[in-house]
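Proteins come first, then strands; the chains are lettered A, B, ... in the order of their sequence lines, and each starts at number 1.
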Amino acid sequence: MSPFVPALNISTEVFDAVFPFHLAFDGDLKIQHTGKVIRRICPGVETGKGLLDLFEVRTPAKLDSFQAIANQMNLLFVLRHRGSELLLRGQMVYSRKRDLLVYLCSPWLPEPGAIRRLGLTVGDFALHDPVVDLLHVLQSMSRAVEDLNRLTAVLEQKSSLLAEANKRLEEQYSELQQAQALTRTILNTVPDGIITINENGVIEQTNPAAERLFGYAAGELSGKSVTCLMHEADADKHDSFIKRFLQDRNARIIGIGREVVGKMRDGSSVPLYLSIGESSAGGHIRFTGVLHDISTRLAKNEALRASESRYRSVVNSVKEVIFQIDESSRLTFVNPAWAEITGFDVEESLGNPIADYVHPDDRHLCEMKLGPLMQRQIAACTAELRFLTKDGGSRWVEASARQVDGLEGKSSGASGTLIDITTNREAELALQQAKETAEAANRAKGDFVATMSHEIRTPMNAIIGMTGLLLETSLTREQAECAEAVRLSGESLLGIINDILDFSKIESARLDLEETFVDLRTCIEESLDMVTASAAAKNIEIGYVVDSEVMGCVVADATRIRQVLVNLLANAVKFTAQGGILVSLKVDHQEGNLVQLCFSVKDSGIGIAADRIDRLFQPFTQADSSISRHYGGTGLGLAISKQLAELMGGTIWVESEPGKGSTFFFTLKARDEDRRKRSRAPDFTGTALLLAEDGSILRETFRNLAERRGISVHTAANPALAKVALQEREFDAVVVGESLASSDVDLLGDALRSARRPDPPVVLLGTVGQRNQQIEEMLKPAGWLTRPVKTASFDFLFANLFSSTIPMVPVPKPFHPGQFDAPHRHIRILVAEDNPINQKVAVKMITSLGYRADVAGNGYEVLDALRRQRYDLILMDVQMPEMDGLDATRRVRKLWPRPGGPKIVAMTANAMHGDKEICLEAGMDEYIAKPIRIADLKEAFDRWSLEHPEDTAEDLGWDPSPKKKDGEGEQSRQIDELRKLGGEELVAELMAEFQLQVDSEVTEIAKAVKRGDFLEVVRLAHRLKGGSTTVGVSGVTSICSELEVAAQASDRLRLEALVRQLAAEVRHATAPKADGHQAARPIRILIADDHPVVRFGVRRMLQSDSKCMVVGEASDGKEAIREMKELSPDILLLDLNMPSLPGLDTLRELTTIQVPTKTILLTSAISQREVLEALQLGARGVMLKDAMVADLATCVFTVMQGHYWIGRKPVQNLVQVLKELMDEVNKPPEKTFGLTARELQIVNLIAQGLSNKEIAVDCGIAEETVKRHLKNIFDKVGTSSRLELALFAINHRLAGQASAGA
Amino acid sequence: MYGMVNQALEDMLIERFGRPAWENVKKEAGVNVEVFITSNAYPDQMTYSLVGAASRTLGMTTEEVLRGFGQYWILKTARDGYGELLNLGGSNLPEFLENLPTFHTRISLIFSHLQPPGFSCQDITATSLRLRYYSDRPGLSQFVVGLLEGLGDMFKTPVRVLQEGSAGPDRDYDLFLVEWEQPQP
């Protein structure tokens, strides 16, 4: 041992500091000494403890004794502390001096965290100890591993990116290959030659097109100098070009094409278009030329130039102007014809707007046409307009222009032509004038025909009427045959004249359609009526069906529809020998309220050959001239029908087959305007009928009608089938056709008796005027219907039959002449009374007593009246203005002394003593006190009658105060009171009024009950009660009271029962009474007509009826007025057109005198305006002369009953008719005849009677201008005087209301 | 500088400004290194460039970058990556500062190219000392300030660092007065 070691002589502290973890143990392995740090970190380590108790020697192995350990001191010792698992690493050292083994060690720390876990600090380690450093190394290793992980991640990411990049590259490579293939294909297929040369001008590559272009074989050009494809001069230029380019890189033709001439293999030339591109790769420059063969294009250009030259010569030589304009409508081209037509120089015109050359009056038209063209709204346009000429004139041209398409669909102006049509235009104008003249002549001809027809018709009416009357007298057989022949010929002639009149009216456009509410079923039924008799005579069935879609009512011209229908029906009857005729109606289509209706008339007649059909609808043509000979007729019927159908907005055609019959169709347009106006069909839903009828058409008609009303109809064509049906099921009624019944009435009777519902009510279906007693006795019918079955009869019959149902349709009340029988007394009475109310009361009372009276307002009027005519009796009020009764009486007595003078009866309210004496003293005969009573008047009249027995010969015993019948009760008493107050007329008027409204009120009440509107029921019932009280219909009154109570109690069941009762009561109350209250007194009639034949005819027509008496005649209006005053007739029949004072003027005059007469206007034709005016002037009827033979008596009775009559039928609702007439009359004119607003204004003023000067002031224009306008107006409407113009204006509704009056 | 320094700078900038900002800084600095190897030595200039680029692109002064980096170095890099070893440096701030020279000695034995700075403590009192910082690298005094502040945080000892002097012709160290409060027991 070196002396150095002992010499160190280190202290325990130093040793401890240097070896802070040492352990010293003795031969017994007992711990003798330890370092301070090991003591701290290894629990249990202390002096005296056994080493192996505390530590396990891990290496070297199997050392369990001091000596064994000492022998292995050359080895590294690792001990494990048993308590803390701490590993110690160190070496054994033997201390001889102390005979101890010293274990010099440090803790083995596998990772830096162990330091903290062992509670060690850096100060616990000796400075030389590398453990801490070792930890640093470990830490660095750990960081290195982290670095490696991070690098690995980056590498992986990069690898992934590389893989993607690789994939993309592969894709790009693939695309590149495809592109190369494509390029190759393009090169091989492109029609242009492509040649690539290097910088030395050597061909490197060519495509097949290039080889073909120059005539070389494939691959033959490669390696050759490109100059072999050029002519010598070009080859030189080429070489210098390459040289220059390589020097300064300035290529003038790179990217620019040019035309060159190539040299083909055979030395010939080919024109080419060459484009050159340059490319650089691998430090080498290459040029690629694309060569296009332009020989074809050059040839085309040459052709185009030639064509252009030809075109130009054509354009320059045509007479028509050819022009082009730009989008601003400025001329960009015109051919030389422009200068020829307009006179303007071509060059100076270009650039100017084309409109500048258009006549100022036509410029607007020009702009209207060109505007949309330039805005591309239209492709082309044409117009006729005037172009200005340089000399100040103008030329008419027919201009046409068409868009010229520019780029991208934009307009680039237009081109077109102008054709000079000045000459044509002038010719056209002349032609137009000629046409107008011809049309005017045609109109005049039409007017003439119309007028002539009218003139002929009036005497024709008389001839027919007279002949009819003549036939009613006793004639010999021969005379009767002659008269019958006259009548038939007259009717035939009248038919022809009517046709001609219609035709000429339509031809001359003078036929105006009327617009009224048309009940379509009624219209058809009325038409059927016209042929019923002739069809029955030929034993032809007729009937009609209406499609369920057809509305009840439309606005149209009923007369004209009927006319067409009747014409078609008459033809059908005429050409049908057996079978039937069926009218059908359906709706073709409907748009808004405009509906197109289609009527058809189908017959089973002879039919029409196909080649004749075309001629059918032409005037004066029949299908076969032999037809005319066989069947007669003018051949105008279908032509008129066609015109009428067309006038009504429809058409007419026929479908026919010879031998199988024809179907005529006609359509028309109508307005489905007001649903309230629709006729309401009653609802019989739930009822079932058996119809036993052998005629198929009747069956169809009946079924159509019944099913529309909800009735289920079962048909049987013979009695046996009827029996089966009756046994199979129950029917509410059985309708039996008479012909079927007569075939086996016993079987039918048996069937009815054995019916499932025994003895159902039977309705007999017969023909007018043919009743079979035997059948009636057998079947005991509950009602009758006549064929063809009509809606109204149907509804009335079944409403009564199924009594629980309310009839919705008022049943027309037949007019019964006996009803109006009035007493006839011939006392001429004058009432002198100033108070209008008293006048009325007196007149009513006198009327009620069967007398007529005139009225005078004061004494002077009494004297005037007496001067005009004789009066038998004057009822004289004492106190009157101007001249009182006493004074008047004195004068009367002076002028018309007794006897012979009138009887004067005083009427005075001064019921004081002395009054009577004063009256008698003044010359009065009798005295009655006011208020006057009927009884007093009657006594006065009776006394006069007694005094003048010879004058009462015509008194037919009428009892002026009829006794009421027993059991008539309250109603009768009330009517009597009314009769007393206002006379029979008042009763009739009030009853008529009541009748007009009661049906609708009952319906309204039923509806209100149905929807539970009890307040409304109360209101309606109260109103109806008022009306019924006035007219004394007490049954209705009491039901109304009950209705009010039930409605207030909201008792629906009771209300429903009451409504049924009310309906029945109303039917009862308004039903015609067989016995009138009046005794037989003829209606006194005055006839005023300028035509003696008409007067004679009317007198004969009426005198054949014992209820009427013609009391006087007048040949003009003035005479009529005189007669009126004289005779005071009940009815005045007044001709509309009379000389001296026409009908309307007479009527106007009549309003100034007070007569109770009712006036009926007689006319052949009348306008709506005239009808309205007549009604406004107090006329009660307007009668068409051609209807007089049939309807005059009915018309008179109707008017007497207080109703109105217009045309051919009574008026149901006067208010409605007046309203419709006024609407019609006040409608603005449909045609203005091309008159301007100013001209219309002037026409209106002329119609008001203004002079030119006044018109000028009114319109604020010069009088000269008025004259100019007037000239134009005359030209346009075809009149020549102001008066004609005024009439024209009024007739065509060009003038307003004021002027109409003027 | 060893890679760990650049790596720490990268971590800090990514943590505070996001990876795009870091990529931008690298691009600005002209540094094209995907992964810094911790125990690999990189040119000092690279670190200077990165700090300068961060200052330019992120709108901070160089001093702010360095001071922040110093704090980050102690609180994130050193504690997370070398925490146990850091603990060996001492159980409180003054002890740590006193052991700092030995600490660097040990590390420089492991990292052969390490040019560690030198530290020495003077005027040691219970609440302050003066630290001398010797370094061949210029301009890193704010990095030292950040380090000292980071240590204060680590030992939960509020610390105030005042640079009292800078290295220059007359001295070869920067001098810092480090004052602290007594740590809470």
Less than 4.5 Å to any heavy atom of chain B: does that hold for the side chain of Val137(A), its backbone, both, or neither? both
Answer with side chain, backbone, both or neither: which region of Ile115(A) has an atom nearer than 4.5 Å to a non-hydrogen atom of chain B? side chain
More than 12 foreign heavy atoms under 6.0 Å from [atom1] of [X]: is that the case here?
X         : atom1 : result
Arg98(A)  : CZ    : no
Arg89(A)  : CZ    : no
Met141(A) : CE    : no
Glu15(B)  : CD    : yes
Asn74(A)  : CG    : yes

Please state whether the side chain, the backbone, both or neither of Glu95(B) comes within less than 4.5 Å of a heavy atom of chain A.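 Neither the backbone nor the side chain of Glu95(B) comes within 4.5 Å of chain A.
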Pick one of side chain, backbone, both or neither for Asn99(B), based on which atoms fall under 4.5 Å of a heavy atom in chain A.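 Only the side chain of Asn99(B) comes within 4.5 Å of chain A.
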Do Thr38(B) and Arg150(A) have side chains that get closer than 4.5 Å, going by heavy atoms? yes
With respect to chain B, which residue among Asp133(A), Leu120(A), Leu135(A), Leu148(A) yields the maximal number of heavy-atom pairs within a distance under 4.5 Å? Asp133(A)
Interatomic spacing from [atom1] in [X] to [atom2] in [Y] - rounded to 0.5 Å:
X         : Y         : atom1 : atom2 : value
Glu146(A) : Gln7(B)   : CD    : CD    : 9.0 Å
Arg106(B) : Leu127(A) : CZ    : CG    : 6.5 Å
Gln139(A) : Ser39(B)  : CD    : OG    : 12.0 Å

Quick check: closest heavy atoms across Val35(B) and Leu151(A), and the distance to 0.1 Å?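 So the two residues come closest at CB-CD2, 3.6 Å.
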